Amino acid sequence: MNQFANLLQTPHSGYHWDGSSSRFFEGWYYRVTLPDWGQTFGFMYSIEDPIGCQPHSGGSAQVLGPEDGYLCRTFPDVEQFWASPSSLALGHWGKTDLAIPAKYLDPLTFDNHIQQGYQATATWNQGKISDPATGDYCHWRYQIEPIYGWASRDEPQQSTAGWLSSFQIFEPGWQILMAHGWATGWIEWKGQRYEFTNAPAYGEKNWGRSFPQKWFWLNCNSFDHEPDLALTAGGGRRGVLWWMESAALIGIHYQGKFYEFVPWNSQVCWQIQPWGSWQMQARNADYEVELTSTTNRPGTPLRAPTEQGLIFICRDTMQGEITLELRSRQGGTPKTILNAHSSLCGLEVGGEPWDEAWIGEAKLPWIS
């Protein structure tokens, strides 16, 4: 990891498992957007019950590819998974001819000896998986230059869920690892090779003993004519100690500044349809934001860790339409800071039930 990446390391970048036998999962998400092709790749890695010999012990790598195509490979052997407790670094080997403990390998050694698997850090993502039934495959190898973690430029990095996320209060935990960066390398997908230089990249993770009952997510860092703009927003019903709560946030990085709208500093509202429309609004004493995102695509079912193991429980598209308007409230009359659009927004709904629109609001009592 280079020095710049170290400065941008966020809280919770390291692996959270404490070695216990209680139910546990951790998942990582890497995204690369390719504006020249109008496509996106999302790489999703997960590990469940890493102590082994449990009904749901094992790991997986899922790839959401062009036109929302999908590949998945599971890795049952938890002994072939490795991760750093102090930094963003992890990997899982499937088929290999190496008879050594799993660890980070130099890229050439990985290519030569790992037939199925992946390895990833804050500055690198590499892997290969294939579907034995169809022969479809994905190989990827690219380096990452982090630009934004989860804070304004040159400021200390923040926990996405606030300082209380350092304690085992929220289930699950959620951390944006890299709101924006540049990826350079290549991806081979079902026979087509995509080579790219300085493509928008993104990373996040979640972990804990349970997944949210229900959630939604929006992510985009490839806006029209705005290369220095990144958005991540989402919400869900999650466990807080012995009760459930609805929480949501909007985070925007733009021209070096982090605009954070979270329940402890803002009023955050949402209107999310079961599929097709995502709307959010938030405001605090200084700023307000409005997000409107839609898709006419059917979306792709994806797997997520649950009490029943890794099952299809969420739906995604990486080609949503989004408009973002950010305004300043300082000085009385709201003044537009930014009005942006993209056709490459990542959109997700997950959990259940989703048989009607979810209209909600999150704020603490002192927010007016």
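Only heavy atoms go into these numbers, but all of them, side chains included; no hydrogens, no water, no symmetry mates. Note that the coordinates shown come from a computational prediction; the quantities given were computed from them, not determined experimentally.
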Problem set entry | salt bridge (charged side-chain N to carboxylate O under 4.0 Å, His left out) between Arg153 and Glu155, worked out | CA-CA 6 Å; Arg153 187 171 291 147; Glu155 291 189 359; over 6 Å; no

For this session: Evaluate the side-chain hydrogen bond (donor to acceptor under 3.5 Å, both in side chains) criterion for residues Gln115 and Trp93: first the C-alpha distance (whole Å), next the side-chain angles of each, then the deciding distance (0.1 Å), finally the verdict.
Result: CA-CA 8 Å; Gln115 285 75 53; Trp93 299 352; over 6 Å; no

For this session: Go through the steps to decide whether Leu231 and Asn221 satisfy the test side-chain contact (heavy atoms from CB on, under 4.5 Å), and finish with yes or no.
Result: CA-CA 6 Å; Leu231 162 75; Asn221 60 345; over 6 Å; no

For this session: Begin from the C-alpha positions of Trp37 and Tyr194 and carry the test ring pair (Phe, Tyr, Trp, His ring centres under 6.0 Å) through to its verdict.
Result: CA-CA 9 Å; Trp37 286 278; Tyr194 297 83; 5.1 Å; yes

Exercise. Met44 and Leu302: side-chain contact (heavy atoms from CB on, under 4.5 Å), yes or no, with the steps?
Worked result: CA-CA 10 Å; Met44 293 150 278; Leu302 299 178; 3.7 Å; yes

For this session: Could you walk me through whether Met280 and Val268 pass the side-chain contact (heavy atoms from CB on, under 4.5 Å) test, one step at a time?
Result: CA-CA 7 Å; Met280 295 186 72; Val268 186; 3.9 Å; yes

For this session: Please test Arg31 against Glu204 for salt bridge (charged side-chain N to carboxylate O under 4.0 Å, His left out), starting from the C-alpha separation and ending with a verdict.
Result: CA-CA 9 Å; Arg31 183 181 180 188; Glu204 68 175 51; over 6 Å; no

For this session: Assess whether ring pair (Phe, Tyr, Trp, His ring centres under 6.0 Å) is satisfied between Phe41 and Tyr142, documenting all intermediate values.
Result: CA-CA 12 Å; Phe41 284 88; Tyr142 63 86; 9.1 Å; no

For this session: Apply the test side-chain contact (heavy atoms from CB on, under 4.5 Å) to residues Trp215 and Ile272: give CA-CA distance (whole Å), side-chain angles for both, the deciding distance (0.1 Å), then the verdict.
Result: CA-CA 10 Å; Trp215 69 92; Ile272 313 297; over 6 Å; no

Exercise. Can you list the steps and then say if Gln116 with Ser130 is a side-chain hydrogen bond (donor to acceptor under 3.5 Å, both in side chains)?
Worked result: CA-CA 7 Å; Gln116 301 279 343; Ser130 62; 2.6 Å; yes

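Applying the salt bridge (Lys or Arg N to Asp or Glu O under 4.0 Å) test to residues at least two apart or on different chains, the pairs with a partner in residues 60-71 are Glu67-Arg297. Under the salt bridge (Lys or Arg N to Asp or Glu O under 4.0 Å) criterion, no residue pair touches residues 254-276, with sequence neighbours excluded. Legend: side chain to side chain donor-acceptor pair (under 3.5 Å) pairs involving residues 54-63, not counting sequence neighbours, sorted by first then second residue: Ser46-Ser60, Gln62-Tyr70.
Looking only at atom types and distance, the side chain of Glu26 has a donor-acceptor partner in the side chain of His16 under 3.5 Å away. Thr295 and Gln319 are not linked by any side-chain donor-acceptor pair at a separation below 3.5 angstrom, with hydrogens and angles left out of the test. With 3.5 Å as the limit, one finds no donor-acceptor pair spanning the side chains of Glu288 and Gln281. Checking Thr184 against Gln143 by side-chain atom types alone, no donor-acceptor pair falls below 3.5 Å. In summary, the side chains of Thr109 and Asp106 do present a donor paired with an acceptor at a separation below 3.5 Å, with no hydrogens or angles considered. No side-chain donor-acceptor contact under 3.5 Å links Ser293 and Glu321.
Lys205 places no side-chain N or O within donor-acceptor distance of the main-chain N or O of Ile176, the cut-off being under 3.5 Å. In terms of modelled atom types and a separation under 3.5 Å, the side chain of Arg327 and the main chain of Ile337 share no donor-acceptor contact. For the pair Gln119 (side chain) and Leu105 (backbone), a donor-acceptor distance under 3.5 Å is present. Without hydrogens or angle criteria, Ser266 side chain to Pro263 main chain gives no donor-acceptor distance under 3.5 Å. Looking only at distances, no side-chain donor or acceptor of Thr74 sits under 3.5 Å from a matching main-chain atom of Pro76. Judged by distance alone, the side chain of Gln330 and the main-chain N or O of Lys335 form no donor-acceptor pair under 3.5 Å.
With sequence neighbours excluded, no residue forms a side chain to side chain donor-acceptor pair (under 3.5 Å) with Thr300. Listed by chain and number, the residues in a side chain to side chain donor-acceptor pair (under 3.5 Å) with Glu352 amount to none (sequence neighbours excluded). Every ring-ring contact (aromatic ring centres under 6.0 Å, His included) that His180 has, sequence neighbours left out, goes to Trp182. With sequence neighbours left out, the side chain to side chain donor-acceptor pair (under 3.5 Å) criterion links Asp97 to His113. Applying the side chain to side chain contact (heavy atoms under 4.5 Å, CB included) test to Pro107 and every residue at least two apart in sequence or in another chain returns Tyr104, Trp124, Gln126, Arg141. Under the ring-ring contact (aromatic ring centres under 6.0 Å, His included) criterion, His341 pairs with no residue at all, not counting sequence neighbours. Considering only residues two or more places apart in sequence or on other chains, Asp228 meets the side chain to side chain donor-acceptor pair (under 3.5 Å) condition with Tyr148. For the ring-ring contact (aromatic ring centres under 6.0 Å, His included) test, residues two or more places apart in sequence or in another chain that qualify with Tyr118 are Tyr45. For Tyr259, the ring-ring contact (aromatic ring centres under 6.0 Å, His included) test picks out Tyr287, with sequence neighbours left out.
Side-chain contact between Val63 and Ile129 is present, with heavy atoms from C-beta onward closer than 4.5 Å. Using a 4.5 Å heavy-atom cutoff, the side chains of Pro274 and Trp358 are not in contact. At least one side-chain heavy atom of Leu8 sits less than 4.5 Å from a side-chain heavy atom of Gln157. A heavy-atom distance below 4.5 Å is not found between the side chains of Asp49 and Phe25. A 4.5 Å side-chain heavy-atom check between Thr160 and Leu249 finds at least one atom pair inside the cut-off. Considering only heavy atoms from C-beta on, Leu338 comes within 4.5 Å of Glu226 through its side chain. The closest side-chain heavy-atom distance from Thr96 to Phe110 is not below 4.5 Å.
A salt bridge does not link Glu348 with Arg315: every distance from a Lys NZ or Arg NE/NH1/NH2 to an Asp or Glu carboxylate oxygen is 4.0 Å or more.
Here the shortest heavy-atom pairing between Gly299 and Thr317 reads CA-CB, 4.5 Å. Across Pro146 and Thr123, no two heavy atoms sit closer than the pair CD-CG2, 4.3 Å. Val349 approaches Trp278 most closely through the heavy-atom pair CG1-NE1, 3.7 Å.
The ring of Trp186 has its center no closer than 6.0 angstrom to the ring center of Trp189. Checked against the 6.0 Å centroid criterion, the rings of His12 and Trp207 qualify as a close aromatic pair. The ring of His139 has its center closer than 6.0 angstrom to the ring center of Tyr137.
Taking the ring axis of Trp140 as reference, the NZ or CZ atom of Lys128 does not stay both within 45° of it and closer than 6.0 Å to the ring centre.
Taking the six-membered ring where the residue is Trp, Phe81 and His92 present perpendicular rings, their angle passing 60° and hence far from 30°.
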